[in-house]
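Data first, discussion second: the structure below is written as structure tokens.
Residue numbering restarts at 1 for every chain, and letters A, B, ... go by the order of the sequence lines.
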2 protein chains.
Amino acid sequence: MTEPAPVFAGGVDHERLTSQLRFVLETDKLKRILRRNMLVDGSRRENDAEHSWHLALAARVFAEYAPQGTDIDRVVEMLVLHDIVEIDAGDTFIFDTRETGSQADRERTAADRIFALLPEDQARHTRALWDEFEARTTPEARFAKAVDRLAPMLANWHTEGGTWVRHNVTRRQVADKVKIIADGSPALGSYAEALIEDAERRGYLAAG
Amino acid sequence: MTEPAPVFAGGVDHERLTSQLRFVLETDKLKRILRRNMLVDGSRRENDAEHSWHLALAARVFAEYAPQGTDIDRVVEMLVLHDIVEIDAGDTFIFDTRETGSQADRERTAADRIFALLPEDQARHTRALWDEFEARTTPEARFAKAVDRLAPMLANWHTEGGTWVRHNVTRRQVADKVKIIADGSPALGSYAEALIEDAERRGYLAAG
């Protein structure tokens, strides 16, 4: 853990600001957590921090495809936070069923530690948002998850199959992810469906 | 420019969605634009996309230090967009006066191209937000800029002077950046002031 410089500033609660700085410094580590998928130009693997940025941007660009009444500011707030647990838990490849088994436990333990670095009111708020994202019971969480699932599909399509080809991912496995997208946004789900049909025609997906 | 896969999805305006996908794919390039400062652990240089993510997070953590009535959702939206022009214009080192001279022109030309990839209503909206950030005439823009200036100071302090030491940056040069922070947030300005006083004591800043 990186300890922040001592706070000598006037007019602020030093302990509170120190907690906030500790959280901001700790979350810098998300820039070093690598995902399986590549950048769109195929040059290297993507890290969690830049991935989260791209989702925050995409969620607003695609906002019109969220169900009416979806609060996009909350969606963005959720997406900015959604992968922070991977600082401790690591990135889990969504097509690896052995990894995904223990994922929920590892991520909850990580959430217990990392969000708790913040002052108590902010710790509660951020943890509740992360829990909401994971539970996918609100339109905001479902739309956030849809954008999170769509982004690597775009990257895979644009890198001639990317992780699909490298890990022999089947059409059926991808179809499960399309369902999650459709669940958050029928329009984006329909686009994702068309995208994987095209990917199958191009031989990017394994049979099965 | 990466062309998106043809859109065959039902129930959406194909041309509109294609423009949105083109923008999302194009902005992937921000992940390859390197800044001068290092990650907090000193392991490598930071890129613009992960930097923008970290600011979006920090702006919300530090929201209470913004002037009352500041719309933090707009601040976050601005921060997510603020560096996109650097895809064409490149990162400009803020202490290099030769570079900063031509920066405004290069960035405006970049904004003319990149935001215009979006459908017209979204192009206008994102461009207006970026112009607002650059002009620093609203509380949101001033707070966004304050967070943008504070983040590399934290990274520099935590990497034993980082770019300050490497480029012989003086206390006076950094003081100009502290003014920008104080202008957006008196509390964060006061913290930044204390931080650079401490940095000077440690010999991280050059005389002058």
Side-chain angles (χ1 to χ4, degrees), chain A residues 2 4-12 16-17 20-21 23-25 27-32 39-41 43-44 46-47 49-54 56-58 60-62 64-65 73 76-77 80-81 84 118 122 151 154-155 157-158 186-195 197-199, chain B residues 2 4-12 16-17 20-21 23-25 27-32 39-41 43-44 46-47 49-54 56-58 60-62 64-65 73 76-77 80-81 84 118 122 151 154-155 157-158 186-195 197-199:
Chain A
T2 307
V7 173
F8 301 109
V12 295
R16 190 171 166 85
L17 178 54
Q20 291 162 333
L21 287 163
F23 176 79
V24 167
L25 290 166
T27 52
D28 200 78
K29 294 179 181 164
L30 200 62
K31 300 168 187 170
R32 292 187 286 122
L39 301 192
V40 169
D41 73 345
S43 59
R44 62 165 172 81
E46 189 184 34
N47 72 57
E50 61 196 6
H51 160 72
S52 299
W53 165 77
H54 213 180
L57 182 69
R60 215 173 278 282
V61 169
F62 296 139
E64 66 202 77
Y65 310 118
D73 292 323
V76 171
E77 191 177 356
V80 167
L81 294 171
I84 285 178
L118 284 165
Q122 294 186 310
L154 291 176
W157 192 91
H158 283 278
L188 294 182
S190 160
Y191 171 67
E193 183 67 41
L195 194 71
E197 266 170 36
D198 186 71
Chain B
T2 307
V7 173
F8 301 109
V12 295
R16 190 171 167 85
L17 178 54
Q20 291 162 333
L21 287 163
F23 177 78
V24 167
L25 290 167
T27 53
D28 201 78
K29 293 178 182 165
L30 200 61
K31 299 168 188 171
R32 292 187 285 122
L39 300 192
V40 169
D41 72 345
S43 59
R44 62 164 172 82
E46 189 184 34
N47 73 56
E50 61 197 5
H51 160 71
S52 300
W53 165 77
H54 213 180
L57 182 69
R60 216 174 277 281
V61 168
F62 296 139
E64 66 203 76
Y65 309 118
D73 292 323
V76 171
E77 189 176 357
V80 168
L81 293 172
I84 285 178
L118 284 165
Q122 293 185 312
L154 291 176
W157 191 93
H158 283 278
L188 294 182
S190 159
Y191 172 68
E193 183 66 40
L195 194 71
E197 265 170 36
D198 185 69

Can you tell which of [options] has the highest number of heavy-atom pairs within less than 4.5 Å of chain A?
| options | answer |
| --- | --- |
| B:Gln122, B:Glu197, B:Arg32 | B:Arg32 |
| B:Val80, B:Ile84, B:Leu30, B:Leu188 | B:Val80 |
| B:Leu154, B:Asp41, B:Leu81 | B:Asp41 |
| B:Leu195, B:Asn47, B:Leu118 | B:Asn47 |

Handout entry: Check: B:Phe23 main-chain N/O paired with B:Thr27 side-chain donor or acceptor under 3.5 Å
Key = yes
Practice task
Check whether any side-chain N or O of B:Asp73 sits under 3.5 Å from a backbone N or O of A:Asp73 as a donor-acceptor pair, and report yes or no.
Solution key: no
Fill in the blank from the handout: chain B shares the most heavy-atom pairs under 4.5 Å, among A:His158, A:His51, A:Arg44, with A:His158
Handout entry: Interface residue of largest heavy-atom contact number with chain B, from A:Ala155, A:Ala49, A:Ala199, under 4.5 Å
Key = A:Ala49
Side chain, backbone, both or neither: which part of [X] has an atom under 4.5 Å from a heavy atom of chain B?
| X | answer |
| --- | --- |
| A:Leu57 | both |
| A:Glu193 | neither |
| A:Val76 | side chain |
| A:Leu39 | both |

Would a 4.5 Å heavy-atom cut-off, applied to side chains only, mark [X] and [Y] as touching?
| X | Y | value |
| --- | --- | --- |
| B:Phe62 | A:Leu21 | yes |
| A:Leu17 | A:Gln20 | yes |
| B:Val12 | A:Tyr65 | yes |

Problem - Residues that A:Arg16 engages under side chain to side chain donor-acceptor pair (under 3.5 Å), provided they are two or more places apart - result: A:Asp121, B:Glu64
Problem - Those residues that, when tested against B:Glu46, pass side chain to side chain donor-acceptor pair (under 3.5 Å) (two or more places apart) - result: A:Lys31, B:Arg35, B:Asn37
